[in-house]
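A short write-up of the structure that comes next.
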Amino acid sequence: MKFRQHIDEDNLITRFEVTMGQFETIRRFRLALLLLAGFTVASAPAWSQSVPATQPLTQVAEATTSAQPNGSVLTIGGGDLLKVSVFGAPESDQELRVDPDGNLSLNFIGSVHVAGLTTNQAQDMIAKKFTTGGFYTQPQVSIFVKEYATQGVSVLGEVLKPGVYPLLGSRRLFDVLSLAGGTGPKAGRVVSISHRDHPQSPQSVKLSNDAKESAQSNIDVFPGDTVVVSRAGVVYVVGDVHKPSGVIMDNGTDMTVLQAIAMAEGTNGTASLNKAKLIRTTPTGRQELPLPLKDMLSSKAPDMRLQAEDIIFVPNSAAKSATRRTLEAIVQTASGVAIYGAR
């Protein structure tokens with residue numbers, strides 16, 4: 001009997017220890033919950049200060065949307081075909097074309113000016129007019145552009161394939177230039193983009209071989225825009241030189257006679273340097289100017305600056321050969337040489 005009583009006492013002690021362990025675990029869990037609740041309450045004021053209580057979240061979203069410049073998003077223009085609908089009210093669905101003045105004539109609220117607005121901005125404005133007029137309570141207006149008045153972008157200037165290319169949404173400038181086959185051999189560095197919403201204020205960007213500057217030049221292009229690639233100035237070097245050619249002058253930079261000769265890989269040994277000529281186009285026609293090329297090469301005469309479409313002619317040393325090269329023949333030779341870019 002004493003042995004059995006001893007076993008019962010041991011079991012009682014074991015059960016008591018287990019119970020105390022469970023109680024300690026529960027106490028620690030409750031303490032953790034209290035600490036977590038206190039941390040949440042303490043951090044709540046800092047979060048609430050990020051958005052003032054007096055300004056609804058919808059107003060914050062509207063302010064962010066309105067802060068976006070119209071030049072970086074696709075906006076509604078005259079002639080676009082829109083589908084306007086109100087959620088839950090299929091009888092209000094309308095397909096309308098924006099008139100030349102930029103207005104839509106909607107049921108209930110009448111004429112609404114939407115030109116120059118994004119679809120989100122137009123949706124918000126129409127919804128407010130419906131609410132103000134008492135026609136709907138908190139209407140969810142949606143606008144879908146079914147057809148742009150000009151669904152293509154015009155690519156002109158010094159590109160391989162100028163023309164009008166379809167463009168249903170916004171694309172980047174380099175994408176549009178690729179559609180036109182890329183820039184041509186006489187392309188300059190400046191590209192002008194006229195947006196359909198404000199054609200009187202074209203946007204100019206400068207192409208560059210630098211990766212960072214090139215990324216900044218790759219701006220958005222929208223349907224109805226016109227892209228014009230400028231033409232760089234060309235200087236022609238013909239006659240008794242190693243590589244008769246046309247040399248491209250980068251936009252905004254100068255070129256001299258010796259630089260052009262260097263691009264033509266220098267003169268031949270049979271060249272008559274003292275009889276070189278510069279043919280320049282003036283308002284009164286073409287003009288021949290003597291070019292002291294030998295003195296320039298020996299630094300006895302200043303290097304002459306060139307203009308676009310100048311022609312440098314270096315004759316052969318044979319006198320008869322030089323006299324046979326008339327002005328017309330020199331111009332015809334210059335028009336047939338290959339064009340090389342000094343970039």
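What you see is a predicted model, and the numbers here were worked out from it, not measured in a lab.
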Indicate yes or no for a side-chain donor-acceptor contact from [X] to the backbone of [Y] under 3.5 Å, with no hydrogens or angles considered.
X      : Y      : value
Asp240 : Ala271 : yes
Glu309 : Thr281 : no
Asp99  : Asp101 : yes
Asn218 : Phe174 : yes
Ser272 : Pro315 : no

Closest non-hydrogen atom pair, [X] against [Y]:
X      : Y      : value
Ser92  : Ala89  : OG-O, 2.6 Å
Ser208 : Arg189 : CA-NH1, 4.1 Å
Ala180 : Val155 : CB-CG1, 3.7 Å
Pro139 : Phe130 : CG-CB, 3.9 Å
Val221 : Arg172 : CG2-C, 4.4 Å
Ile248 : Ala232 : CG2-CB, 3.4 Å

Give, for atom [atom1] of [X] and atom [atom2] of [Y], the distance between the pair rounded to the nearest 0.5 Å.
X      : Y      : atom1 : atom2 : answer
Asp310 : Arg305 : CG    : CZ    : 13.0 Å
Ser201 : Ile193 : OG    : CD1   : 13.5 Å
Ser142 : Gln123 : OG    : CD    : 6.0 Å
Asn274 : Asp295 : CG    : CG    : 7.0 Å
Gln259 : Met249 : CD    : CE    : 9.0 Å
Leu106 : Ile126 : CG    : CD1   : 5.0 Å

Flag side-chain contact, heavy atom, 4.5 Å: [X] against [Y]:
X      : Y      : result
Val237 : Met263 : no
Leu306 : Ile312 : yes
Leu258 : Leu293 : yes
Val176 : Asp225 : no
Glu91  : Asn107 : no
Gln140 : Val86  : no
Leu278 : Val257 : no
Ser192 : Val190 : no

> Is Asp220 paired with Arg171 through a side-chain N to carboxylate O contact shorter than 4.0 Å?
Replying inline: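 Asp220 and Arg171: not salt-bridged.
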>> So that I can tick it off, tell me whether Glu288 and Lys277 are bridged by a salt bridge, with the cut-off set at under 4.0 angstrom between side-chain N and carboxylate O.
In response: yes
>> Once you measure the plane-to-plane angle for Phe108 and Phe135, does it fall in the parallel (<30°), tilted (30-60°) or perpendicular (>60°) bin?
In response: parallel
If Ile, Leu, Val, Met, Phe, Trp and Tyr residues are connected whenever their side-chain heavy atoms lie under 4.5 Å apart, and connections chain through other members, are [X] and [Y] in the same group?
X      : Y      : answer
Leu160 : Val164 : no
Val153 : Val205 : yes
Leu156 : Leu207 : no
Leu179 : Val228 : no
Phe144 : Leu81  : no

> Checking salt bridge (charged side-chain N to carboxylate O under 4.0 Å, His left out) for the pair Arg97/Asp80: CA distance, chi angles, key distance, verdict?
Replying inline: CA-CA 5 Å; Arg97 192 173 295 275; Asp80 292 348; over 6 Å; no
>> Go through it in stages, so that I can follow the logic: the residues are Ile143 and Val84, the test is side-chain contact (heavy atoms from CB on, under 4.5 Å), and I'd like the CA-CA distance, side-chain angles, deciding distance and then a yes or no.
In response: CA-CA 5 Å; Ile143 296 178; Val84 183; 4.2 Å; yes
>> The test is side-chain contact (heavy atoms from CB on, under 4.5 Å); show your working for Glu158 and Val229 and say whether it passes.
In response: CA-CA 5 Å; Glu158 293 300 322; Val229 179; 4.3 Å; yes
>> Set out, in order, the CA-CA distance, both residues' side-chain angles and the distance that settles side-chain contact (heavy atoms from CB on, under 4.5 Å) for Val227 and Val159, then state yes or no.
In response: CA-CA 10 Å; Val227 178; Val159 291; over 6 Å; no
> What do the steps show when you test Asp124 against Val141 for side-chain contact (heavy atoms from CB on, under 4.5 Å), and what is the final call?
Replying inline: CA-CA 7 Å; Asp124 294 340; Val141 179; over 6 Å; no
